[in-house]
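Worksheet: the structure to be examined is printed underneath.
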Amino acid sequence: MSFAAYKMMHWPTGIENCASGFVTHSRADFIPRVTPIQSDDLDSDIPPASHREIGPVPNLVVTAGNVLEVYIVRVQEEEDSRISKAQAESKRGGFMDGISGVSLELACHYRLHGNVETMAVIPSGSGDGSRRRDSIILSFRDAKISVLEFDDSTNGLRTSSMHCFEGPEWLHLKRGRESFARGPLVKIDPQGRCASVLVYDIQMIMLKPTQAGSGLVGEEDALGSGGAVSARIESSYIINLRDLDMKHIKDFIFVHGYIEPVMVILHERELTWAGRVSWKHHTCMISALSISTSLKQHPLIWSAVNLPNDAYKLLAVPSPIGGVLVICTNTIHYHSQSTSCALGLNSYAVSADNSQEIPKSPFSVELDAANATWLSNDVALLSTKTGELLLLTLVYDGRVVQKLDLSKSKASVLTSGITTIGNSLLFLGSRLGDSLLVQFTCGLGTAILSSGLKDEDGDIEGDPPTAKRLRRSPSDVLQDMANSEELSLYGSAPNNSESAQKSFSFTVRDSLINVGPLKDFSYGLRINADPNATGIAKQSNYELVCCSGHGKNGALSVLRQSIRPEMITEVELPGCKGIWTVYHKSTRSHTVDSKITSADDEYHAYLIISLEARTMVLETADLLAEVTESVDYYVQGRTIAAGNLFGRRRVVQVYERGARILDGSFMTQDFSFGAANAESASGSESSTVMSVSIADPYVVLRMTDGSIRLLVGDPSSCTVSVNTPAAFESSNKSISTCTLYHDKGPEPWLRKTSTDAWLSTGVDEAVDGTDGVLHDQGDTYCVVCYERGSLEIYDVPSFNCVFSVDNFISGKSHLVDTFVQEQPKDPQNEMNKSSEQLSGQGNKEDVQNMKVVELAMQRWSGQHSRPFLLGVLTDGTILCYQAFLYEGPESASKTEENASGLGNISASRLRNLRFVRVPLDTYAREETSDGMPCQRISVFKNIAGYQGLFLTGSRPAWFMVFRERVRIHPQLCDGSIVAFTVLHNVNCNHGFIYVTSQGILKICQMPPITSYDNYWPVQKIPLKGTPHQVTYYAEKNLYPIIVSVPVQKPLNQVVSSLVDQEVSHQFENHNLSSDDLHRTYTVDEFEVRVLEPEKSGGPWQTKATIPMQSSENALTVRVVTLFNTTTKENETLLAIGTAYVQGEDVAGRGRVLLFSLGKDGDDSQNSVSEIYSKELKGAISALASLQGHLLIASGPKIILHKWTGTELNGIAFYDAPPLYVVSLNIVKNFILLGDVHKSIYFLNWKEQGAQLSLLAKDFGSLDCYATEFLIDGSTLSLVVSDDQKNIQIFYYAPKMSESWKGQKLLSRAEFHVGAHVTKFLRLQMLSTSSSDRTGTTTPGSDKTNRFALLFGTLDGSIGCIAPLDELTFRRLESLQKKLVDAVPHVAGLNPRSFRQFHSNGKAHRPGPDSIVDCELLCHYEMLPLEEQLELAHQIGTTRLQILSNLNNLSLGTSFL
């Protein structure tokens, strides 16, 4: 492997930063939305006091690793009668404050070329009715700052300013230092008057936002244009805090209630450490500076000294109280200019001079690593490191804060950040568990105290585990239910006489799944694996079982990249071309309401199967019985399409030369096409139907000659008439594809985008629907694509063009109506011309015959859902767009200008409609054959409660829609799929049917309790402990896992375990006082659990538990194959390496344990039995089996043992100077070991001399996290990941002179991943050379023995390193260099600097750059077609070649 590709497959999910602000809308946008709903609340039995006004709800902004996401928080009021039953079930958390549900909807999602260190939102600083919006400020290592704002015209974020303080001209800011403890820290003034960033631990960068009235952005021009103005940064300057005599800065914050911005800085005057705390303990202080950004002055206005050395966080108290809270591990202090008070949290809290007593909290808690936010202006919510939520009340008498009150609330997820969203929601962001959106409401203590204990006890996670809930939210149901000590006690102690203490109740409304931190994973067979699968379908047999989470959020995440449906039955059915299921409603249901509720649950009546020369009809009752003979369906030839018309009362069946309308099994109408306009075109008799789109009550047909027919239905008589739309009769433009789009719903979405939306006829239509027939069916549109690549949308049935795009196939990032784009006429046309010439010159590729072969437009259910538009091109590219609304500033004036010239054409245009392109880079495209284009897109509304569309073809995939975002999950297990349809009947509840290309029809259901709202489908199995390592025992399909559970123990037990047992037992309690002995201390207790996956996909069974001794930690567990020297047979055993952790006074020891997993299947208890254990010096941190021997890393040496059947005997050892072996890998007789500080060693084992010898090592110092061998044909490379988030690839070349006669490993490549890689797994790549690609592969065995490394990281991301051949590498590398400049990068980040090796100030000689970054290459497919061709032309290759290389890579690495 000389060259490799780095590819992310699952992006980070562990949320590190969260913030809220009005990013996509302003406060003013909200006010009209809430009031009318409250006012038409006619049930006067609800007193108005109980309705707490929700008020404007801001956006939620989160970052996870290098992913930035902005969410819109959608609040569902109770009065909304429009929710269907299915939706109501999915709402979580019951009913609170007049709100029945809150959900997060994705506004935009970006993957940045850099990890976000800290994030904040710059408030626009104006009142409630303000039109101004907030901006997002992001900081990146070492000193980069980007400010982003939301741009309505592109429905995405744009960079408004960038500030960089790195590079040679800013070198003096580092003051000679190279490594810094943390990245930049961003804080914002609450009124938005100032923002500041602490970089290099000592330099404070002050950013000055533009003021609202400064003339640069006026309020009124923002109002007039309809566009919004966001907060922007106008200038910046630097304060060197060293000049102010501040050295060790821990935190800083802006406080409320001053005329100018006031910054409070927490810093330590002189450092102390644990060994000196008894002498030197109150070393911190806070200083308040008044910042004048215009004068660039910062006088000190007040300060406070003698704060504890463990203070680490400041919290600004909101107005009207003001001041600042200092949070320490054992105390909380409040300070303002006038008063101060403190609260001790546990017995370690001491005051500065030991004289006065600190008031104590009623219970003991440690607050290190806590996060906090404000619920109201005097109550803060603190989240501790154990996941408890505490309420801190400031007792305030209107003048001063008298005391602090702490009370326990619920327990929840372990947080990495909390933010309050509006006035009644909060978001708990977590890296260690799922992040939760929680609604809270506040009442006074006395009323709720009595009832509160009964219904509020326990955690604020989890739902009653009903069957319906199980399907909806798998990961939450399984979270902890009420633990006894986690009851919500509001009155915190009996002595608390004040009844006025506020009590809060919480309910979980939504959650974002997180599978990080992935500490370890193993690769095992799925339960429903198919043993006969080959090639790519075989990949779908496997799953990844990952150790994720920590503490009570610890879980096993089972990840599968592809969906494997649960089969109910299968039949052979050769030659199938298409399948459809139709409903049949014999009589119209009485009321409209019952129609809405039952429509979802109505069973299908018939299944229509189109074969090559005939059609089969099956009845879908209890059994699928063929009724082809007894029905009036057209069965003599193949069917093109079938569907329902007139509210499911009729079925329409379209075949090549005609169509039939059926009522149940009886035909009511029959048409034949062909001679419709025989007089105009003589050859049209041969014109047959090519494709069909059905949208009740219309059917549009595209004929082989490129013309269009429309069937118009009349709902009153249930009859249909054929016509050819006038718009297309005269036109000679050939149509390549068309589709109908039915804009359903109470408020049709596209109607809003028309300029005269407010005088649209929507109101009247809804009113005259008394008989329920007309009940505003919404609008129907026809989307048409022409052969030359333009796209137009017509309204049906009048066929006026309402939207058109010139060059749809080029795949621009935004589609805008050409009518709106008229003003900048010339440059636009010039560009189009030049690009056409360009594609004409050097690279006459396949662009000439490129066209759209299929279109689909669909809006799924949901109150705020927006339509998606999908187009499939001839080369297999899929363009996916999502519609959005943009009211341009010039729309009003323009209508008048054009009205005279163009008459009424402009009035009905959907001129506010725009489309934004959605990246589909997780989908590996298929190369389409030149056969008949069959319809590949099947929309589904409800398969097991999910909605989206299914794409058939050689790379079938599910496109599921969650939170207005498309999640793509491939389905590999059956190879190519030719037809798909939904099926809902007695035996198959909300399931589906598909036909594979082998001619097998399968009836299936979705696998239950898997969550699909993730990059990969995931199932989480809670462990209620921290998982550390997992291994897979293939013979029995078992997963042994190391789990540690925190246990409270009495202090004297803990202390006695720290004494060396062999020396003496004279342990006296002389330094422990009597009350100290009753204290408890938390210790982790380790055990190895052997889990077995459940057959049905339910919770996993624990087959056996192997407990460790007290203070013994299990460090490694592996399934090893040992050669028994007495019986001369191989045995598969479970090996566990442990260490005794007893403090620094006791010599380290460890045990190696061998267990056999017994053969008896029925008696599950005795299946795991210990057969050997041995104590060794030093911790046993890694184990591996090497050619039948057991290799053990114990402390500083590596010992090879042979197994006699009763004991392990050492036969060889190697004293490398490793301090602690992190990982051992073995290939044949080669050993790779990674050390915690000393980088990697490459050894080999010689059988004849029985010796372990060092071949080579890396001479640098490197803190390893994981190692593995990378095999490419006959080349062996060594891969290592380190603590600076890099990956390096080494190779052994004893013949090279620079390797010092082979002692030194040489660097082959290095790369910055941006996440801590904790585990590599070597998997064989699929060979893609067998297919008939030209020029990409050279024949030879080299390609077959190719392995990629799958890796998991602590952010919850999964990626792979795959070997490349040189030709592909050179091509992709030159493309990558072009893309650095060709793509506008979000937040202005440079991908090249992000991927540079980070050495954190250590001397490092740069290695070669032989890894291409697929995270950057995936932007190529998102470029417009002309730019793709131009870039390919510049690097001397073709677009097809590049896409085929990228596709081969994603096919070769589609592992799971």
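Source: prediction; values computed, not measured.
- The existence of a salt bridge linking R1439 and D875 is confirmed by a sub-4.0 Å separation between a basic side-chain nitrogen and an acidic carboxylate oxygen.
- A 4.5 Å side-chain heavy-atom check between L951 and I937 finds at least one atom pair inside the cut-off.
- Using a 4.5 Å cut-off on side-chain heavy atoms (C-beta onward), V689 and R702 make no contact.
- Scored by the ring-ring contact (aromatic ring centres under 6.0 Å, His included) test, F799 finds F728, Y794 as partners (sequence neighbours excluded).
- Tested against D152, the residues R133, R158, R914 include a single salt bridge (Lys or Arg N to Asp or Glu O under 4.0 Å) partner, R133.
- In this structure, F808 and Y881 have tilted ring planes: the angle between them lies in the 30° to 60° band.
- The aromatic ring centroids of W958 and F940 lie less than 6.0 Å from each other.
- R963 has no carboxylate O lying under 4.0 Å from a charged side-chain N of E105, or vice versa, which leaves the two without a salt bridge.
- Side chains of N1447 and S1444: no donor on one and acceptor on the other come within 3.5 Å.
- Every residue was checked against the ring-ring contact (aromatic ring centres under 6.0 Å, His included) condition with F884, not counting sequence neighbours, and none meets it.
- Counting heavy atoms from C-beta on, the side chains of K851 and L873 never come closer than 4.5 Å.
- The structure places CG of L701 at 10.0 Å from CZ of F671, a figure rounded to the nearest 0.5 Å.
- Note that CD1 of I694 and CD of Q653 are 10.0 Å apart. Values are rounded to the nearest 0.5 Å.
- A salt bridge between E1427 and K1378 is absent, with no side-chain N of the basic residue lying under 4.0 Å from a carboxylate O of the acidic one.
- At least one donor-acceptor pair closer than 3.5 Å links the side chain of S736 to the backbone N or O of C785.
- Remark: the Q947 side chain and the S861 side chain contain an N/O donor-acceptor pair separated by less than 3.5 Å.
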Stepwise, does the side chain to side chain contact (heavy atoms under 4.5 Å, CB included) test hold for L750 with L913? CA-CA 7 Å; L750 280 180; L913 172 68; 3.7 Å; yes

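- Ring pair W860/Y946: centre-to-centre distance not below 6.0 Å.
- Using modelled atom types and a 3.5 Å distance limit, the side chains of D743 and Y741 yield a donor-acceptor pair.
- The CG atom of N59 sits 13.0 Å away from atom CD of E69, with the distance rounded to the nearest 0.5 Å.
- A donor and an acceptor atom, one from each side chain of N155 and Q882, are nowhere located under 3.5 Å apart.
- With hydrogens and angles left out, the side-chain atoms of S790 and D806 include no donor and acceptor closer than 3.5 Å.
- Annotation: side chain of L157 is in contact with side chain of Y110 (closest heavy-atom distance under 4.5 Å).
- At a cut-off of 3.5 Å, with distance as the only test, no side-chain donor of E854 or T737 sits close to an acceptor on the other residue.
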